[in-house]
Amino acid sequence: MLCNYVLLLVLCANFVFSDVIPAPKLKLRDGREIPSLALGTWLGNNTQGRIEPHSTEVEDAVSAAIDLGYRHIDTAYAYKVEDQVGRAVNKKIAAGVKREELFITTKLWNDRHAREAVVPALRESLDQLKLDYVDLYLIHWPVGQFGNQSYDYTDYVDTWRGMLEAKALGLARSVGVSNFNQQQIDRLAAAGLELPAVLQVEINLNLQQPSLLAYCRDHHIVVMGYTPFGSLFPSKAREDAPPPRVDDPALVGMGEKYNKTVTQIIVRYLLDLGIIPIPKALKPAHIAQNFAVFDFSLSQEDRDWLKTYDKGYRTIPQLKWLDHPYYPFEKS
Ligand SMILES: NC(=O)c1ccc[n+]([C@@H]2O[C@H](COP(=O)([O-])OP(=O)(O)OC[C@H]3O[C@@H](n4cnc5c(N)ncnc54)[C@H](OP(=O)(O)O)[C@@H]3O)[C@@H](O)[C@H]2O)c1
Ligand SMILES: *[C@@H]1O[C@H](CO)[C@@H](O)[C@H](O)[C@H]1NC(C)=O
Ligand SMILES: *[C@@H]1O[C@H](CO)[C@@H](O)[C@H](O)[C@H]1NC(C)=O
Ligand SMILES: *[C@@H]1O[C@H](CO)[C@@H](O)[C@H](O)[C@H]1NC(C)=O
């Protein structure tokens with residue numbers, strides 16, 4: 001009992017006086033700011049398909065993350081966890097965290113691409129989240145598809161007009177897109193519309209996307225990078241996935257040199273690319289590790305080495321949409 005009490009004191013003291021460094025913020029083209037590291041909340045797929053949410057696993061992860069200093073949460077209507085994210089966020093707000101300090105991102109699903117469907121879809125997400133506004137609303141994919149699986153050929157430029165209406169109503173403070181390619185963003189500009197503040201795409205060691213990042217830098221579009229660990233974990237890697245795995249000797253050696261885990265080396269490297277990594281983790285130790293990356297920096301030599309893992313390899317090609325006219329990725 002006494003022992004437990006002492007342990008609790010030590011833990012609390014650690015928390016209160018811990019030197020967790022907050023994530024620096026990046027400036028968006030619309031004048032707002034965005035925290036440069038986000039917690040991912042997609043439960044992912046296993047061999048049976050989509051992993052369904054079952055209890056409070058995401059709520060607990062988001063609560064732990066906010067306690068640890070995370071201020072940016074990435075979710076989506078399609079993840080079916082907006083209710084859990086909302087419960088955690090509102091609980092933390094009730095406990096004193098300011099709403100303005102938090103940055104909540106969610107996404108419009110493919111079955112709501114009609115221009116007039118966007119605002120109602122966002123209202124549904126807000127209802128799940130129990131929030132008055134989100135900080136960032138993204139078109140999840142340029143590809144439209146109805147609930148009955150048949151394709152919706154609505155031009156994403158029209159969907160984007162709906163997004164701008166959501167922003168004008170104040171329901172989303174910033175708007176952006178996900179899984180769009182360069183030409184698709186160019187079409188938004190060619191239509192005379194405001195550019196997205198953010199592009200969210202897959203970025204990890206095997207898919208570093210240097211030319212897309214350069215394009216976004218030139219257009220002042222901030223990039224959020226999803227699936228930051230790519231094929232690092234053997235349990236998630238497809239057979240054809242290029243190295244590295246988490247036991248890669250060069251990565252392990254680098255971790256030892258900086259006294260950091262391989263995952264921390266990777267998150268740090270992705271930050272150095274100027275993007276916002278979105279590591280997803282349910283385990284508290286993982287959530288903590290992924291945030292403890294603002295107290296060290298990688299040498300140029302190590303960053304050069306990490307660049308060599310870029311093979312243009314995509315873990316989420318969504319080949320099932322290959323025949324949609326707005327399929328965004330290379331078709332080879
Ligand atoms: N826009 C899009 O189309 C799109 C697509 C995919 C993903 N996303 C977003 O990006 C987020 C991240 O991508 P992701 O979920 O595909 O994959 P990920 O973040 O690359 O990997 C998640 C996996 O890594 C494990 N992990 C996390 N931190 C770890 C650590 N420090 N040590 C060991 N293992 C660790 C997690 O384990 P535990 O959970 O067991 O802790 C989980 O199994 C998503 O959650 C979602 O928010 C967006
Ligand atoms: C996850 O599984 C679902 C159901 O099988 C599938 O429709 C979806 O495309 C999968 N997502 C990814 C990113 O592989
Ligand atoms: C699928 O749903 C859309 C939108 O509701 C409808 O227009 C279309 O006819 C449906 N297609 C099929 C094959 O049922
Ligand atoms: C290495 O990192 C661990 C975990 O963050 C920490 O407890 C330990 O003090 C560090 N060691 C050194 C030598 O800095």
Side-chain angles (χ1 to χ4, degrees), residues 10-11 13-15 17-21 40-53 68-69 74-81 107 109-118 120-121 138 140-154 158-159 178-179 200-204 206-207 225-231 233 235-241 252-265 267-268 278 280-281 283-298 313-324 326-329:
V10 170
L11 283 175
N14 249 331
F15 175 67
F17 302 110
S18 73
D19 46 4
V20 167
I21 304 173
T41 62
W42 178 47
L43 290 172
N45 275 5
N46 57 23
T47 47
Q48 272 82 53
R50 168 183 290 281
I51 299 172
E52 295 293 333
L68 284 158
D74 179 76
T75 191
Y77 182 80
Y79 303 164
K80 299 185 185 170
V81 298
K107 313 184 191 86
W109 189 236
N110 305 355
D111 60 354
R112 309 295 286 277
H113 271 209
R115 176 177 178 172
E116 64 277 8
V118 175
L138 303 174
H140 207 144
W141 290 88
V143 169
Q145 186 174 36
F146 295 114
N148 61 16
Q149 304 300 306
S150 73
Y151 282 151
D152 173 0
Y153 297 110
T154 297
D158 266 337
T159 314
S178 177
N179 298 300
Q200 183 177 127
V201 288
E202 178 177 343
I203 311 256
N204 47 54
N206 291 155
L207 187 68
Y226 72 69
T227 315
F229 300 130
S231 302
F233 304 111
S235 58
K236 273 185 82 180
R238 286 197 300 266
E239 241 170 63
D240 63 337
V252 170
M254 223 179 265
E256 282 164 0
K257 182 166 105 187
Y258 294 101
N259 190 31
K260 291 287 178 182
T261 64
V262 165
T263 45
Q264 287 172 319
I265 299 285
V267 174
R268 182 65 254 173
I278 319 171
K280 170 263 179 182
K283 296 195 179 67
H286 293 165
I287 299 171
Q289 264 178 29
N290 298 341
F291 202 75
V293 290
F294 299 106
D295 60 350
F296 80 114
S297 51
L298 297 167
Y313 175 86
R314 214 173 267 289
T315 67
I316 304 193
Q318 288 296 36
L319 296 174
K320 62 181 183 180
W321 296 328
L322 200 60
D323 59 347
H324 192 290
Y326 299 140
Y327 179 77
F329 307 137

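Nothing here was measured: the structure is a model prediction, and the numbers come from that model. Residue numbers count from 1 along this sequence. Note that ligands are numbered from 1 as they come in the structure, with each ligand's atoms numbered from 1 the same way. In what follows, every heavy atom counts, from backbone to side chain, and hydrogens, waters and symmetry copies are set aside.
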>> Please check: side-chain N/O of Arg314 versus main-chain N/O of Leu207, any donor-acceptor pairing under 3.5 Å?
In response: no
> Against heavy atoms of Ser150, which atoms of ligand 3 measure under 4.0 Å?
Replying inline: 1 (C), 11 (N)
>> Under the criterion side chain to side chain contact (heavy atoms under 4.5 Å, CB included), I'd like the reasoning laid out for Lys107 against Tyr79: C-alpha separation, chi angles, the key distance, then a yes or no.
In response: CA-CA 9 Å; Lys107 313 184 191 86; Tyr79 303 164; 3.0 Å; yes
>> Working note: Tyr327 + Leu319, criterion side chain to side chain contact (heavy atoms under 4.5 Å, CB included); need CA distance, chi angles, decisive distance, verdict.
In response: CA-CA 9 Å; Tyr327 179 77; Leu319 296 174; 3.8 Å; yes
> Under 3.5 Å, is there a donor-acceptor pair between the Asp74 and Gln200 side chains?
Replying inline: yes
>> Out of all atoms in ligand 2, which are within 4.0 Å of some heavy atom of Gln318? Include the element for each.
In response: 9 (O), 13 (C)
>> Before you tell me yes or no, could you show the steps for Leu298 and Ile265 under side chain to side chain contact (heavy atoms under 4.5 Å, CB included), namely the whole-Å CA-CA distance, both residues' side-chain angles and the distance that decides it to 0.1 Å?
In response: CA-CA 8 Å; Leu298 297 167; Ile265 299 285; 4.1 Å; yes
> Would a 4.0 Å cut-off, counted as strictly less than, catch a protein heavy atom around atom 7 (O) of ligand 4?
Replying inline: no
> Taking the side chain from Lys260 and the backbone from Met254, do they hold a donor-acceptor pair closer than 3.5 Å?
Replying inline: no
>> How far is atom 5 (O) of ligand 3 from the closest protein heavy atom, and which atom is that?
In response: Phe146 CD2, 4.5 Å
> Which ligand 2 atoms does Ile316 reach within 4.0 Å, using its non-hydrogen atoms?
Replying inline: 13 (C)
> How far is atom 2 (O) of ligand 3 from its nearest protein heavy atom, and which residue and atom is that?
Replying inline: Asn148 ND2, 2.4 Å
> Tell me: protein heavy atom nearest atom 4 (C) of ligand 2, and distance?
Replying inline: Arg50 N, 4.0 Å
> Near Tyr226 OH, under 6.0 Å, is it more than 12 heavy atoms from other residues, nucleotides or ligands?
Replying inline: yes
> Quick one: CH2 on Trp109 to CH2 on Trp141, what's the gap to the nearest 0.5 Å?
Replying inline: 7.5 Å
> Tell me: protein heavy atom nearest atom 3 (C) of ligand 4, and distance?
Replying inline: Asn259 ND2, 3.7 Å
> atom 14 (O) of ligand 4: protein heavy atom closer than 4.0 Å?
Replying inline: yes
>> Trp42 versus ligand 2: do any nitrogen or oxygen atoms come within less than 3.5 Å of each other?
In response: no
>> Distance under 4.0 Å to a non-hydrogen atom of Lys320: what atoms of ligand 2 satisfy this?
In response: 6 (C), 7 (O), 8 (C), 9 (O)
> Where is the nearest protein heavy atom to atom 1 (C) of ligand 2: which residue, which atom, and how far?
Replying inline: Asn45 ND2, 1.5 Å
> Any protein heavy atom lying closer than 4.0 Å to atom 11 (N) of ligand 3?
Replying inline: yes
> According to the interplanar angle, ranging from 0 to 90°, do the rings of Tyr326 and His324 count as parallel (below 30°), tilted (30 to 60°) or perpendicular (above 60°)?
Replying inline: tilted
